[in-house]
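Here is the structure we will look at.
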Amino acid sequence: PGLCDVLTGRATLEEALVSLEEHQVTILPAGHVPAHPAELLGTGAMRRTLETLRGQFDRVVIDTAPTTPLADVSILAPLVD
């Protein structure tokens, strides 16, 4: 499971997080990507997930497309520091 599964309610955040102890990092994979994944990024569930992650970790890094061709960047921009 991953982020898409968390946002659609198919998994909990705890189930989706993958801890890599040897690197002291925890990742949240994409998960099972639906037909229109960008729509999930603008939801309240995404905002709540980011707030939860901010409370659990010192840093939250979001890996997404580099610039404007995809809607992901414009949807996520207001949610990041």
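Reckoned from all heavy atoms, side chains included, excluding hydrogens, waters and symmetry mates. Keep in mind the model is a prediction, meaning the values are calculated, not measured.
- Rounding to the nearest 0.5 angstrom, the gap separating the CD atom in E14 from the CD atom in Q56 is 6.5 Å.
- The minimum heavy-atom distance linking A38 with I75 is given by the pair O-CD1, 3.4 Å.
- Distance check, rounded to the nearest 0.5 Å: CE of M46 to CG of L3 gives 5.0 Å.
- For E51, the salt bridge (charged side-chain N to carboxylate O under 4.0 Å, His left out) partners at least two apart in sequence or on another chain are R54.
- With contacts defined as side-chain heavy-atom distances shorter than 4.5 Å, the pair T12/V6 does not qualify.
- With rounding to the nearest 0.5 angstrom, the CG atom of L13 is 12.0 Å from the CZ atom of R48.
- Here OG1 of T8 is found 6.5 Å from CG of L40. Values are rounded to the nearest 0.5 Å.
- Contact annotation: the side chain of V80 never approaches that of V60 to less than 4.5 Å [non-hydrogen atoms, C-beta and beyond].
- Scanning all heavy atoms of the two residues, the minimum distance from A11 to E15 falls at CA-OE1, 3.2 Å.
- A pairwise comparison of heavy atoms in C4 and H32 identifies CB-O, 3.3 Å as the closest pair.
- L28 contributes atom CG, which lies 9.0 Å from atom CZ of F57 (distance to the nearest 0.5 angstrom).
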Item to check | Test side-chain contact (heavy atoms from CB on, under 4.5 Å) applied to L79 and L41, step by step | outcome: CA-CA 10 Å; L79 303 176; L41 299 178; 6.0 Å; no
